[in-house]
Amino acid sequence: VLLREVQALTLHRGQYTTSRRTAAVPELQCTGGTAGCSRVPEVVQCYNKGWDGYDVQWQCKADLENTYRFGQIEVSCEGYDYPDDPYILRGSCSLLFRLELTEEGERKVKNSRSFGSGYYQTGKDYSDSGAGAIVIIVLLVLAFGVYKLILSDQRPQQSFGDSDGFTRPSWQSHQAPPPPGFKSSFTEGNSFGTHSSHGTNSGPGFWTGLGAGGLLGYLAGSHR
């Protein structure tokens, strides 16, 4: 068939060209584009729009969605006796094309991407709020534990130490007579066992509260 006299070609997806000198190839071959090759049309028709002195100028159409269009196209046919033969083998033509996005298709792609990023951000905010609630619960539990510890440290001791090295109950240390050789006013005015016991008792409560406050402040600062 003389190539210049071919007015139209109908090409189908999944079908192969006829061949005589070369191997058969698919009638429709997508080579890429901004839309990719996932939406190759079922049928494409190409029309002869004229001769430029060297080759036929083709215009190809297909049933495509509004978001897709043909980009670069190239119709290739097998010469009957040699590659540049003006006569071609009937049924040997194939179409190489690129699929591009239209303006509407680009808008849809941008909207879908923005929706996906917004959904990811919402999920991230939800996870951050959940983590914040967990940290607050842990801080409350720690504060309650420190409070109970301070209360237990402030309970009176069961025994007090005397100057002679022995331990007696608290009521005995107040009522016991002074040892021989000491004035009663000297022992009553000092009460070494009682004062030392109260000094030891106030120490842990102060340092425990100071350490707990520092720990809570550090956790709150790191979370913030």
Atom CG of Asp81 with >12 non-hydrogen neighbours under 6.0 angstrom: yes
Under 4.5 Å between side-chain heavy atoms, hopping through other hydrophobics if needed: is there a path connecting Leu96 to Val44? no
Closest non-hydrogen atoms of Pro86 and Leu2, given as atom of the first, atom of the second and distance, are O-CD1, 3.6 Å
When hydrophobic residues are tied together by side-chain contacts of less than 4.5 Å, even through go-betweens, does Val25 share a cluster with Ile88? no
Locate the shortest heavy-atom distance separating Cys37 from Gly32; write the atom from each residue and the value. SG-N, 3.3 Å
Closest heavy-atom contact between Leu64 and Arg39? CD2-O, 4.3 Å
Side chain to side chain contact (heavy atoms under 4.5 Å, CB included) between Leu28 and Cys30, worked out: CA-CA 7 Å; Leu28 295 177; Cys30 178; over 6 Å; no
How many angstroms lie between atom OG1 of Thr67 and atom CZ of Arg107, to the nearest 0.5 angstrom? 11.0 Å
How many angstroms lie between atom OG1 of Thr18 and atom CG of Leu89, to the nearest 0.5 angstrom? 4.0 Å
Using the rule given for side chain to side chain contact (heavy atoms under 4.5 Å, CB included), can you reason through Arg20 versus Ser92, listing the C-alpha separation, both sets of side-chain angles and the distance that settles it, and then say yes or no? CA-CA 9 Å; Arg20 180 172 179 267; Ser92 65; over 6 Å; no
Same cluster (ILVMFWY, side-chain, under 4.5 Å), Leu11 and Ile73: yes
Using the rule that Ile, Leu, Val, Met, Phe, Trp and Tyr join whenever any side-chain heavy atoms are under 4.5 Å apart, tell me whether Val1 and Trp51 fall into a single cluster. yes
Tell me if the CZ atom of Arg90 is crowded by more than 12 foreign heavy atoms within 6.0 Å. no
Of all heavy-atom pairs between Arg4 and Val56, which one has the smallest distance, and what is that distance? CA-CG2, 4.2 Å
Mind checking the NZ-CZ spacing from Lys61 to Arg69? Nearest 0.5 Å is all I need. 15.5 Å
What is the minimum heavy-atom distance between Ala35 and Tyr68, and which atoms define it? CB-CD2, 3.3 Å
Joint hydrophobic cluster, Leu3 plus Val75, side-chain heavy atoms closer than 4.5 Å: yes
Drop me the distance from Asp63's CG to Gln45's CD, to the nearest 0.5 angstrom. 11.0 Å
Test item: side-chain donor near acceptor, Glu27 and Thr17, under 3.5 Å: no
Identify whether the distance between the nearest side-chain nitrogen and carboxylate oxygen of Glu104 and Lys108 falls below 4.0 Å. yes
More than 12 heavy atoms of other residues, nucleotides or ligands under 6.0 Å from CD of Gln72: yes or no? no
Intermediate values then yes/no, side chain to side chain contact (heavy atoms under 4.5 Å, CB included), Asn48 and Trp58: CA-CA 5 Å; Asn48 186 343; Trp58 300 95; 4.1 Å; yes
Does any non-hydrogen side-chain atom of Leu9 lie less than 4.5 Å from one of Leu95? no
Worked verdict on Thr34 versus Val109 for side chain to side chain contact (heavy atoms under 4.5 Å, CB included): CA-CA 11 Å; Thr34 56; Val109 170; over 6 Å; no
Atom OG in Ser94, atom CD in Glu74: separation rounded to 0.5 Å? 8.5 Å
Spacing of CZ belonging to Phe144 relative to CG belonging to Leu139, to within rounding of 0.5 Å: 15.5 Å
Between Phe97 and Phe70, does the ring-ring contact (aromatic ring centres under 6.0 Å, His included) criterion hold? Intermediate values first, please. CA-CA 7 Å; Phe97 62 93; Phe70 282 121; 5.4 Å; yes
